[in-house]
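The structure appears below as structure tokens.
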Protein chains: 2
Amino acid sequence: MAKQAIATIRKKEIVDTFYEVAQVEGIENTSFAKIAQRLEIQPSLIVHYFKNRDELILSLIEYNLEQYKKIFTIAHSDDHSHREYLIMVLDKLFSLEWNDLFDDGVYYSCFTLIFRHPVIKQKFKELHLELRGHLENLISNCVAEKSLQVENPSVVANHISNLMDGTYYFVSMLDDSLAQKEYLEESKALAKKLIGFYS
Amino acid sequence: MAKQAIATIRKKEIVDTFYEVAQVEGIENTSFAKIAQRLEIQPSLIVHYFKNRDELILSLIEYNLEQYKKIFTIAHSDDHSHREYLIMVLDKLFSLEWNDLFDDGVYYSCFTLIFRHPVIKQKFKELHLELRGHLENLISNCVAEKSLQVENPSVVANHISNLMDGTYYFVSMLDDSLAQKEYLEESKALAKKLIGFYS
DNA sequence: ATAACGATTGTATGGACGTTCAATTTTTTG
DNA sequence: CAAAAAATTGAACGTCCATACAATCGTTAT
């Protein structure tokens, strides 16, 4: 195997394993030693690739944010109108599909780092602004298509995003996934109402 | 001073100092030694009062949740109608006054513990359900008073709460407090709209 | 007044941590 | 095939940590 490939794979392996361990133990309790043990390598090899712990955490965060972003990606086939597409996106946004993409515990743990690390804060901010901009565009498309009447797409995109973020925050405190779904449905209904779509 | 009083004061001192250090260093980097140093006592004295780290963290969380709860407490004088009171509460909920009550960084750090500690999860859940119930009551009072027309106070209380939680989550990524205020205002406007109050 | 008790100190321990560095193995390059 | 470079090992270091424990000091109760 080419060396370049080895380096890339190893780095990915290490970040993945960091993620796995962090899911169970929490980021703050995930050490080089634990990651190395699970990978059956020496801790010093991790240092070889990541130099120090901060760099490793930053990689974890970048991985996390990439995953987060994926929730928005639905193939936009020409079969659908912008309106239909927007509805599909909303259905996905207020579903439990996030769980397949990332672990809430790890995600929120990374998030808390924004309060002490300006660079991380910036990354999170950019991601969220991007997603909100994306949602705004979808709404604007519908307005242009005249399939939707929304006065201020930007504001509505913010409202829906806030609603969504707050709903996930809340349902993460619930153990019953049925109850989670109901709360998500309730919020989704409001989201649709906000764009003037009554289901 | 009575021994009982000393014990109570010391415990409070320790939790307060934990909080202070955690604000700057993060919970995960706040050790017995650091707390002790700031208080000019021996680390072992902390152990004397808290037995182990988990117990200390639990106390921190309880302190945090008490503070959180305070945002809802506004004296309800008889001078105000339920409707006026509700508006006052909403104004407060969507203000930056939370910052005076607790540190967002510490709060979210505590929150992330819900994903690995069922007891903590339960505490957070109860708090939020209580606050949502409280808000629902305020709305119901207005409906009874006939100063508001809301079909389902419970659902609307959830919507407003989700909106609020999501808005704070989002504005914590912003550095500019003016921008924070604008986003909060935007969300507050929707909250008022949701109860049929147009300002 | 003295015995008991809680508050506090001081010291010690063992373990985990991040990181370093030199040595060794494996792969690539010329 | 030899030399260079990268991957990996293994051992070691100093630091900090949570916690244990025995000793002391001060207060309270009898």
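Values in this document were obtained by computation on a predicted structure and should not be read as measured data. Chain letters run A, B, ... following the sequence lines, proteins first and then strands; every chain starts at 1.
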From C-beta outward on B:P43, which listed nucleotide comes closest to its side chain: D:dT19, C:dA7, C:dG18?
D:dT19
Within a 6.0 Å radius of atom NZ on A:K121, are there more than 12 heavy atoms belonging to other residues, nucleotides or ligands?
yes
Quick check on C:dG10: is either OP1 or OP2 less than 4.0 Å from any side-chain nitrogen or oxygen of B:Q42?
yes
In whole Å, what is the span from the CD1 atom of A:I6 to the P atom of D:dT9?
12 Å
Looking at the side chain of A:I41, which of D:dA18, D:dT9, C:dT19 is the nearest nucleotide?
D:dT9
Look at the aromatic rings of B:Y68 and B:H128 and report parallel, tilted or perpendicular, splitting at 30° and 60°.
tilted
It should be established whether A:Y49 places a side-chain nitrogen or oxygen under 4.0 Å from OP1 or OP2 of nucleotide D:dA6.
no
OP1 or OP2 of C:dT8 versus the side-chain N and O atoms of B:H48: is any pair under 4.0 Å?
no
Side chain of A:A33 - closest among D:dT19, C:dT20, C:dC17:
C:dC17
Going by the angle between their ring planes, with limits at 30° and 60°, are B:Y169 and A:Y107 parallel, tilted or perpendicular?
tilted
After noting the C-alpha distance and the side-chain angles of A:E55 and A:N52, does the key distance pass the side-chain contact (heavy atoms from CB on, under 4.5 Å) rule?
CA-CA 6 Å; A:E55 201 170 293; A:N52 58 42; 3.6 Å; yes
May I ask you to evaluate whether B:R10 reaches the phosphate of C:dG6, defined as a side-chain N or O under 4.0 Å from OP1 or OP2?
no
Between A:I46 (CD1) and D:dT9 (C1'), how many Å, whole number?
13 Å
Just compare D:dG10, C:dT19, D:dC17 and give me whichever is closest to any side-chain atom of B:K34.
D:dC17
Could a donor-acceptor pair under 3.5 angstrom be found where the side chain of A:S31 meets the base of C:dG18?
no
Any idea which of D:dA7, C:dG10, C:dT20 is nearest the A:V47 side chain?
C:dT20
Side chain of A:L45 - closest among D:dA18, D:dA7, C:dT8:
D:dA7
